[in-house]
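Reviewing the structure listed below.
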Amino acid sequence: MSKRLATKRLLLRTLRLDGGTQPRAEMDSEVIREYAEAMKAGTSFTPIFVFFDGPNHWVADGFHRTLAAKAAGLKNIAALVKRGSQRYAMLYAGGANAEHGLSRTNDDK
């Protein structure tokens, strides 16, 4: 039986978005803007998913939410954190939006 992950609040400045874990061809600026406005209005979003390898929190799912939180001027974000490397984050990210969130484009696939 797998252990359930607890939601933590992570500082946005500690999240790594630069390690090739973003599988999308491009980010959708309109979605980021809409999410940011909703966050400013107090809407709760599902936690992002990150892998932690000791010094780094690699975002694996939730890039649009993370960028929206930054655009909204927030300092932290809810996250599910699992122990693992940048490579684990890359592998997880590859299938993250197959069934939820912003649909993958053909270029993303």
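Values below: all heavy atoms of this structure, side chains included; hydrogens, waters and symmetry mates excluded.
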Inset, instruction - Name the orientation class of the two ring planes belonging to Y92 and F51 (parallel below 30°, tilted from 30 to 60°, perpendicular beyond 60°). - result: perpendicular
Inset, instruction - Check the hydrophobic clustering (I, L, V, M, F, W, Y; side-chain heavy atoms under 4.5 Å; chains of links allowed) and say if V50 and M90 are grouped together. - result: no
Legend entry - Nearest atoms (heavy-atom pairs only) where T14 meets H57: O-CB, 3.9 Å
Inset, instruction - Would you mind telling me which of R83, K82, K8 makes a side-chain contact (heavy atoms from CB on, under 4.5 Å) with F52? - result: R83
Legend entry - P47 backbone acceptor or donor facing R65 side chain under 3.5 Å: yes
Inset, instruction - Looking only at non-hydrogen atoms, find the nearest pair between W58 and G19 and report the distance. - result: CZ3-CA, 3.5 Å
Inset, instruction - Might you confirm whether atom CZ of R9 has over 12 heavy atoms from other residues, nucleotides or ligands at distances under 6.0 Å? - result: yes
Inset, instruction - Assess whether atom NZ of K75 is packed by more than 12 heavy atoms of other residues, nucleotides or ligands within 6.0 Å. - result: no
Legend entry - Heavy atoms of other groups near Y88 OH, more than 12 under 6.0 Å: no
Legend entry - Flag for R16-T21: side-chain donor and acceptor within less than 3.5 Å: no
Inset, instruction - Find out whether D28 and H64 are in side-chain contact, i.e. whether some heavy atom of one side chain is under 4.5 Å from a heavy atom of the other. - result: yes
Legend entry - I48: which of L80, D61, V81, L15 passes side-chain contact (heavy atoms from CB on, under 4.5 Å): L15
Inset, instruction - Spell out, yes or no, whether M27 and L17 are grouped together once hydrophobic residues are joined by side-chain heavy atoms under 4.5 Å, including indirect joins. - result: yes
Inset, instruction - Can you see which heavy atom on I77 is nearest to which on L12, and at what distance? - result: CG2-CD2, 3.7 Å
Legend entry - Flag side-chain contact, heavy atom, 4.5 Å: L10 against N76: no
Inset, instruction - Please report the shortest heavy-atom distance between M39 and A72, naming the atom on each side. - result: CB-CB, 4.3 Å
